[in-house]
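Got a structure for you, written out below as structure tokens; questions coming shortly.
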Amino acid sequence: MSQESDDPSTPPDAEARALPSDSTRSATWHVSPDLMAVVALDGFFDELNPAWTATLGWSEAELKASPYSTFIHPDDQASSTTVFQEVRDGRTLIRFLNRIMCRDGSFRWISWVAVRDDGRIHCTGRDVTAERGAQEERDRLWALSEDMLARADYSGIMTAVNPAWTKVLGFTERELLTRPYAYFMHPEDAGKSVAALVEMGNTGLPTRFENRILTAEGGYKPIGWTVSPEPDGTQFIAVGRDLSDYKAREAELLQAQEALRQAHKMEAVGQLTGGIAHDFNNLLAAISLALEMVTQRLARGDVDALGKYVTMAQTSVRRGATLTQRLLAFSRRQTLDPLPTHPDRLVAGMEELVRRSVGPAVDVAVESSPGLWQVNVDVPQLENALLNLCINARDAMLPDGGRLTIETGNRTLTAADARELDLPAGDYVMLRVADTGAGMTPEVAARAFDPFFTTKPLGQGTGLGLSMVYGFVRQSGGQVFVRSQPGEGTAITMYFPRHLGDAAAAENAPPEDAASDGDGEVVLVVDDEQPIREVVAEVLELAGYRVLQAEDGPSGLKVLQSQRVDLLVTDVGLPGGMNGRQVADAARVARPDLRILFITGYAENAAVSGDALEPGMAVLTKPFDIAALGRKVEHLLGS
Ligand code: ADP
Ligand code: MG
């Protein structure tokens with residue numbers, strides 16, 4: 001070519017069609033990497049180019065000494081002979097593949113083009129061994145892959161599937177190639193899968209999805225797909241992996257985790273009931289012994305020493321009340337009386353008490369931040385919680401002491417933080433008690449909030465401190481968590497929701513009225529527990545009130561409708577289909593000024609929680625003492 005293009009008189013397209021000159025042909029013959037030969041009709045080589053020796057290692061003389069068939073792989077002899085005869089008869093041959101032997105005994109794949117001219121056969125052969133290797137590799141992968149491989153088009157039909165399809169699904173290749181692929185998808189998945197394919201067709205980007213594919217037996221197998229479009233724009237390649245085993249393992253794991261959770265739960269419940277039973281048995285034993293002593297002394301007519309035993313019984317009752325209070329706190333059912341509060345003032349007010357409680361070996365530091373937001377909490381309960389945390393900190397720093405830090409701060413939780421803490425996103429006030437004590441192992445930290453879980457020696461730990469803190473914080477709409485490492489100290493952090501609005505001045509709590517006796521006002525006592533109802537009635541009668549009684553909601557309401565009643569004293573949990581709150585609400589429809597005192601074991605359904613109370617209503621938590629009852633009643637009737 002280059003020689004003709006030197007001639008400026010030759011137009012460019014004539015040049016393209018011009019036959020190469022002899023010298024060009026000769027140069028091509030010598031430099032071509034393709035095998036070129038002229039073969040006589042008897043099968044012997046007449047002429048060979050140097051590529052033969054370069055590719056196969058034979059010398060030109062060795063090649064010319066034998067007919068071409070000597071150099072052909074035994075398996076390719078028959079096909080080679082057939083095409084040789086066809087070319088000899090005048091047919092042009094293109095891209096015929098056979099294997100030619102090298103001098104070192106190996107074979108190379110050659111792709112032939114041949115034509116008969118002038119009574120001889122002219123041929124060129126291209127060494128395609130490398131491409132054949134890659135192709136064979138692909139074929140092997142296709143055949144041996146455990147993944148399902150397919151080529152398909154957007155019209156909905158697969159054009160090729162590998163044997164894994166039959167192994168995984170049981171369908172024959174024919175079934176797979178003649179039915180639309182959507183036929184094999186679970187009806188619930190087909191829409192999404194086809195949409196993913198359409199999307200891939202539009203974007204030209206590979207995609208992944210999972211669906212259930214029909215098996216020949218009629219079941220479905222979960223398959224994870226990776227699908228990529230072919231450059232031609234009409235086909236795509238899909239690789240599908242059977243996820244059945246993976247899913248089964250996943251399910252087993254979930255089941256095992258669930259069983260473990262259940263076991264932990266049962267253990268915690270066992271610990272809880274055991275703890276309650278133990279503590280109450282002790283209290284009951286003390287009360288029972290005290291009452292027995294009272295009985296014995298009474299029988300002997302010896303009333304002088306009775307006071308001692310009565311006090312003993314009362315002490316146990318008070319301890320029992322504290323215990324149930326803590327349990328209710330943990331179960332988030334204590335009667336809370338939240339008030340808008342400045343936490344920094346609360347902490348400052350407690351500092352002295354904390355110092356005295358932890359002793360001189362512990363250095364107490366308060367790190368409060370200016371501009372701290374307010375919270376709406378039950379103040380005595382928050383003080384109780386802080387004190388509990390400080391005492392735990394002191395215990396963890398025994399006997400050498402250390403540093404205790406009470407830290408406060410404002411925190412705004414993003415959606416992600418909030419999710420992690422199981423709280424709504426928003427503003428919170430943080431209160432943290434940190435110590436430099438022994439710290440906790442992960443196992444202890446995981447159980448520290450369980451009721452009755454304690455690592456302290458018998459008689460020293462109740463295991464109710466942190467469980468109470470937990471219940472209180474959660475009931476207040478917050479969260480509490482522990483950060484601790486053995487030897488690195490512990491930090492327990494509480495979050496409370498920010499309260500917007502004014503802190504109630506503690507001063508505006510109404511002053512407790514000086515005790516004054518009732519003057520004939522009418523009180524209705526509704527309680528299904530007969531002893532409680534009768535004692536309450538007796539106490540109020542002694543205080544000068546006129547007292548009526550009812551044992552359930554409907555009969556109480558009947559009394560209210562037929563008589564003058566100034567104060568309703570009612571249990572909250574009542575039989576007869578109406579709870580105390582409902583009785584109160586119904587009664588107030590006709591008498592809006594009716595005063596109401598709820599007495600309750602716990603705040604059922606938050607019906608009588610602090611913020612659900614209206615003016616002229618109050619709550620008294622059982623067990624209570626006579627003086628407390630008297631104060632509440634006077635206060636309600638006096639105001
Ligand atoms: P108690 O103090 O009666 O043991 P708590 O519920 O207050 O019960 O605490 C439970 C357990 O959590 C403790 O026994 C202790 O093992 C661990 N714990 C609590 N606070 C700390 C702390 N600050 N440092 C190390 N361990 C602690
Ligand atoms: Mg404790």
Tested for side chain to side chain contact (heavy atoms under 4.5 Å, CB included) against V572, the lone hit among V583, I599, T600 is T600
Check: E420 side chain, D417 main-chain N or O, donor-acceptor pair, under 3.5 Å:
no
task = Mark yes or no for whether R591, through its side chain, and V565, through its backbone, hold a donor-acceptor pair below 3.5 Å.
result = yes
Quiz item: Any donor and acceptor pair, going by atom type alone, linking the side chain of T405 with main-chain N or O of E407 inside 3.5 Å?
Solution: no
Exercise. Where the side chain of D527 meets the backbone of D571, is there a donor-acceptor pair that is under 3.5 Å apart?
Worked result: no
ask   = Heavy-atom distance under 4.5 Å between the side chains of V347 and E351, does that happen here?
value = no
Practice task
Output yes when a side-chain donor or acceptor of T408 lies under 3.5 Å from a complementary backbone atom of R432, and no otherwise.
Solution key: no
Closest heavy-atom pair, N410 versus S369, reported as atoms and distance to 0.1 Å, is N-OG, 4.4 Å
What I'd like to find out is whether the side chain of L594 reaches to under 4.5 Å of the side chain of L560, using heavy atoms alone. yes
Q. Heavy atoms, side chains only, cut-off 4.5 Å: are E521 and R564 in contact?
A. yes
For F624, the ring-ring contact (aromatic ring centres under 6.0 Å, His included) test, sequence neighbours excluded, returns none
Contacts of D344 meeting salt bridge (charged side-chain N to carboxylate O under 4.0 Å, His left out) (sequence neighbours excluded), chain-then-number -> none
>> Can you tell whether the side chains of K622 and E529 come within less than 4.0 Å, N to carboxylate O?
In response: no
- Message: Strictly below 4.0 Å, N to O, side chains only: are R595 and E634 in salt-bridge contact?
- Response: no
Here the gap from I287 atom CD1 to F280 atom CZ, rounded to the nearest 0.5 Å, amounts to 9.0 Å
Taking the side chain as everything from C-beta on, heavy atoms only, tell me whether T462 gets closer than 4.5 Å to F452. no
